[in-house]
Amino acid sequence: SEQNGNTLEARGATKKHLADRTMLLHDCMAPIASIARVELASTPEIEPLRMPKARTNVEQLVAAANGMAKAAARHSQVFIDAGLPADFITRLGSTAQALLESQQARKASIGLAAGATKSLGVRLADGRRVVYALDTLVRTALKDNPTLLASWIQVKRVQQVRSISPAVPAVTTPAAAAA
(Lines give C-alpha, C1' and ligand atoms only; values in the text may rest on other atoms or scores of the structure.)
Protein backbone atom coordinates (compact mmCIF):
# COMPACT_ATOMS: atom_id res chain seq x y z
CA SER A 1 0.00 0.00 0.00
CA GLU A 2 2.90 2.35 0.72
CA GLN A 3 4.40 1.63 -2.68
CA ASN A 4 1.08 2.12 -4.44
CA GLY A 5 0.28 5.29 -2.49
CA ASN A 6 3.65 6.83 -3.29
CA THR A 7 3.32 5.90 -6.96
CA LEU A 8 -0.10 7.57 -7.14
CA GLU A 9 1.27 10.60 -5.32
CA ALA A 10 4.13 10.78 -7.84
CA ARG A 11 1.64 10.73 -10.72
CA GLY A 12 -0.31 13.57 -9.14
CA ALA A 13 2.91 15.51 -8.54
CA THR A 14 3.86 15.00 -12.19
CA LYS A 15 0.52 16.43 -13.35
CA LYS A 16 0.92 19.43 -11.03
CA HIS A 17 4.48 19.92 -12.27
CA LEU A 18 3.32 19.93 -15.90
CA ALA A 19 0.49 22.35 -15.08
CA ASP A 20 2.95 24.69 -13.30
CA ARG A 21 5.32 24.53 -16.27
CA THR A 22 2.50 25.34 -18.70
CA MET A 23 1.35 28.22 -16.50
CA LEU A 24 4.86 29.68 -16.33
CA LEU A 25 5.47 29.42 -20.07
CA HIS A 26 2.07 30.33 -21.49
CA ASP A 27 0.47 32.55 -18.86
CA CYS A 28 3.50 34.43 -17.55
CA MET A 29 6.44 34.37 -19.96
CA ALA A 30 4.70 34.34 -23.37
CA PRO A 31 2.78 37.62 -22.85
CA ILE A 32 5.95 39.37 -21.72
CA ALA A 33 7.90 38.07 -24.72
CA SER A 34 5.10 39.08 -27.12
CA ILE A 35 4.83 42.60 -25.74
CA ALA A 36 8.61 43.00 -25.70
CA ARG A 37 8.86 41.91 -29.33
CA VAL A 38 6.34 44.60 -30.36
CA GLU A 39 6.95 47.45 -27.92
CA LEU A 40 10.69 47.10 -27.24
CA ALA A 41 11.97 45.84 -30.60
CA SER A 42 14.56 48.61 -30.85
CA THR A 43 15.78 48.14 -27.25
CA PRO A 44 19.21 46.46 -27.06
CA GLU A 45 18.46 44.58 -23.82
CA ILE A 46 15.48 42.69 -25.26
CA GLU A 47 17.34 39.32 -25.34
CA PRO A 48 16.28 38.20 -21.81
CA LEU A 49 12.68 38.96 -22.79
CA ARG A 50 12.52 36.15 -25.36
CA MET A 51 10.95 32.76 -24.80
CA PRO A 52 13.30 29.94 -23.84
CA LYS A 53 13.68 26.90 -26.08
CA ALA A 54 10.92 24.30 -25.83
CA ARG A 55 13.07 21.54 -24.32
CA THR A 56 14.52 23.65 -21.53
CA ASN A 57 14.93 21.85 -18.20
CA VAL A 58 13.29 23.21 -15.06
CA GLU A 59 16.39 24.87 -13.62
CA GLN A 60 17.11 26.65 -16.90
CA LEU A 61 13.46 27.63 -17.25
CA VAL A 62 13.37 29.13 -13.75
CA ALA A 63 16.62 30.97 -14.45
CA ALA A 64 15.14 32.31 -17.71
CA ALA A 65 11.99 33.43 -15.86
CA ASN A 66 14.06 35.20 -13.20
CA GLY A 67 16.17 36.87 -15.90
CA MET A 68 13.01 37.89 -17.73
CA ALA A 69 11.58 39.38 -14.52
CA LYS A 70 14.73 41.39 -13.91
CA ALA A 71 14.85 42.67 -17.50
CA ALA A 72 11.10 43.42 -17.57
CA ALA A 73 11.34 45.39 -14.31
CA ARG A 74 13.35 48.06 -16.14
CA HIS A 75 10.45 48.57 -18.55
CA SER A 76 7.54 47.61 -16.30
CA GLN A 77 5.37 50.55 -17.31
CA VAL A 78 5.52 49.50 -20.98
CA PHE A 79 4.14 46.08 -20.03
CA ILE A 80 1.47 47.52 -17.73
CA ASP A 81 0.38 49.95 -20.45
CA ALA A 82 0.15 47.00 -22.86
CA GLY A 83 -2.32 45.24 -20.57
CA LEU A 84 -0.37 43.17 -18.06
CA PRO A 85 -1.38 43.47 -14.41
CA ALA A 86 0.70 45.73 -12.18
CA ASP A 87 2.05 42.71 -10.27
CA PHE A 88 3.11 40.73 -13.38
CA ILE A 89 6.75 40.58 -12.24
CA THR A 90 5.76 39.21 -8.83
CA ARG A 91 3.47 36.66 -10.50
CA LEU A 92 6.27 35.58 -12.80
CA GLY A 93 8.64 35.04 -9.88
CA SER A 94 6.10 33.20 -7.74
CA THR A 95 5.05 30.95 -10.64
CA ALA A 96 8.71 30.11 -11.33
CA GLN A 97 9.18 29.27 -7.64
CA ALA A 98 6.03 27.11 -7.67
CA LEU A 99 7.41 25.19 -10.65
CA LEU A 100 10.67 24.57 -8.82
CA GLU A 101 8.80 23.38 -5.72
CA SER A 102 6.52 21.09 -7.72
CA GLN A 103 9.57 19.52 -9.36
CA GLN A 104 11.11 18.89 -5.93
CA ALA A 105 7.83 17.37 -4.66
CA ARG A 106 7.69 15.14 -7.74
CA LYS A 107 11.24 13.92 -7.20
CA ALA A 108 10.50 13.24 -3.53
CA SER A 109 7.38 11.21 -4.40
CA ILE A 110 9.25 9.17 -6.99
CA GLY A 111 12.01 8.57 -4.45
CA LEU A 112 9.53 7.39 -1.83
CA ALA A 113 7.93 4.98 -4.31
CA ALA A 114 11.35 3.57 -5.22
CA GLY A 115 12.19 3.23 -1.53
CA ALA A 116 8.95 1.36 -0.87
CA THR A 117 9.75 -1.02 -3.72
CA LYS A 118 13.22 -1.66 -2.34
CA SER A 119 11.73 -2.16 1.14
CA LEU A 120 9.44 -4.87 -0.21
CA GLY A 121 12.43 -6.77 -1.56
CA VAL A 122 14.28 -6.48 1.74
CA ARG A 123 11.25 -7.63 3.75
CA LEU A 124 10.69 -10.55 1.43
CA ALA A 125 14.32 -11.63 1.79
CA ASP A 126 14.01 -11.39 5.59
CA GLY A 127 10.85 -13.49 5.49
CA ARG A 128 12.54 -16.13 3.35
CA ARG A 129 15.38 -16.39 5.86
CA VAL A 130 12.89 -16.89 8.71
CA VAL A 131 11.00 -19.55 6.76
CA TYR A 132 14.28 -21.29 5.93
CA ALA A 133 15.17 -21.37 9.62
CA LEU A 134 11.71 -22.70 10.57
CA ASP A 135 11.73 -25.28 7.78
CA THR A 136 14.10 -27.62 9.61
CA LEU A 137 12.02 -27.46 12.79
CA VAL A 138 8.71 -28.01 11.01
CA ARG A 139 10.04 -30.87 8.86
CA THR A 140 11.33 -32.58 11.98
CA ALA A 141 8.02 -32.10 13.81
CA LEU A 142 5.96 -33.30 10.83
CA LYS A 143 8.15 -36.22 9.71
CA ASP A 144 5.46 -38.73 10.79
CA ASN A 145 2.58 -36.82 9.15
CA PRO A 146 3.11 -36.82 5.34
CA THR A 147 -0.11 -34.92 4.67
CA LEU A 148 0.81 -31.94 6.85
CA LEU A 149 4.42 -32.11 5.65
CA ALA A 150 3.27 -31.88 2.03
CA SER A 151 1.07 -28.91 2.97
CA TRP A 152 3.99 -27.20 4.72
CA ILE A 153 6.27 -27.71 1.74
CA GLN A 154 3.65 -26.08 -0.49
CA VAL A 155 2.72 -23.11 1.73
CA LYS A 156 6.27 -22.17 2.70
CA ARG A 157 6.97 -21.08 -0.86
CA VAL A 158 6.62 -17.41 -1.60
CA GLN A 159 5.17 -17.00 -5.04
CA GLN A 160 6.62 -14.34 -7.27
CA VAL A 161 4.23 -11.64 -8.32
CA ARG A 162 4.42 -11.13 -12.04
CA SER A 163 2.53 -8.76 -14.23
CA ILE A 164 0.13 -10.59 -16.43
CA SER A 165 0.24 -9.54 -20.03
CA PRO A 166 -2.59 -10.44 -22.37
CA ALA A 167 -1.99 -13.48 -24.50
CA VAL A 168 -0.95 -12.63 -28.02
CA PRO A 169 -2.52 -14.94 -30.58
CA ALA A 170 -0.08 -16.71 -32.85
CA VAL A 171 0.13 -15.22 -36.29
CA THR A 172 -0.23 -17.79 -39.01
CA THR A 173 0.70 -17.29 -42.60
CA PRO A 174 -1.30 -18.89 -45.42
CA ALA A 175 1.63 -21.19 -46.18
CA ALA A 176 1.82 -22.37 -42.55
CA ALA A 177 -1.95 -22.92 -42.42
CA ALA A 178 -1.86 -24.97 -45.65
CA ALA A 179 0.90 -27.22 -44.32
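No path of Ile, Leu, Val, Met, Phe, Trp and Tyr side chains, each step under 4.5 Å between heavy atoms, connects L100 with M23, placing them in separate hydrophobic clusters. If you chain together hydrophobic residues whose side chains sit under 4.5 Å apart, V131 and L148 fall into the same group. With hydrophobic clusters built from ILVMFWY side chains whose heavy atoms lie under 4.5 angstrom apart, L142 shares a cluster with V155. Residues I153 and V138 are members of one and the same hydrophobic cluster, defined by side-chain heavy-atom contacts under 4.5 angstrom among Ile, Leu, Val, Met, Phe, Trp and Tyr.
Counting heavy atoms from C-beta on, the side chains of S34 and R37 come closer than 4.5 Å. Using a 4.5 Å heavy-atom cutoff, the side chains of S76 and L84 are not in contact. With contacts defined as side-chain heavy-atom distances shorter than 4.5 Å, the pair R21/S102 does not qualify. You'll find the side chain of N145 stays beyond 4.5 Å of the side chain of L149, heavy atoms only. E59 has its side chain within reach of Q103: a pair of non-hydrogen atoms, C-beta onward, lies under 4.5 Å apart. Residues T95 and D27 are not in side-chain contact: their nearest non-hydrogen atoms beyond the backbone lie 4.5 Å or more apart. Side-chain atoms of F79 and P31, non-hydrogen and from C-beta on, never get closer than 4.5 Å to each other.
Of all non-hydrogen atoms in R91 and C28, the two that sit nearest each other are O-SG, 4.2 Å. Across every non-hydrogen atom of S109 and A13, the tightest pair is OG-CB, 4.3 Å. Residues A72 and I32 come closest through the heavy atom pair CB-CG2, 4.3 Å. Across all their heavy atoms, I89 and A73 have their closest contact at CD1-CA, 3.3 Å. Between L92 and A65 the shortest heavy-atom distance is CD2-O, 3.4 Å. Taking all atoms of both residues into account, the shortest heavy-atom contact from H26 to A30 is O-CB, 3.7 Å.
In this view, A33 and M51, M68 satisfy the side-chain contact (heavy atoms from CB on, under 4.5 Å) rule, not counting sequence neighbours.
Note: Q97 CD to D20 CG = 11.0 Å, rounded to the nearest 0.5 Å. With rounding to the nearest 0.5 Å, the separation of CD1 in I35 from NE2 in H75 is 13.0 Å.
Counting only residues at least two apart or in different chains, side-chain hydrogen bond (donor to acceptor under 3.5 Å, both in side chains) contacts with residues 129-143 comprise D126-R129, D135-R139, D135-W152, D135-K156.
Using a distance-only test at 3.5 Å, with no hydrogens or angles considered, no donor-acceptor pair links the side chain of D87 to the main chain of T90.
The side-chain contact (heavy atoms from CB on, under 4.5 Å) with L99 is formed by just one residue from the set H17, K16, Q104; it is H17.
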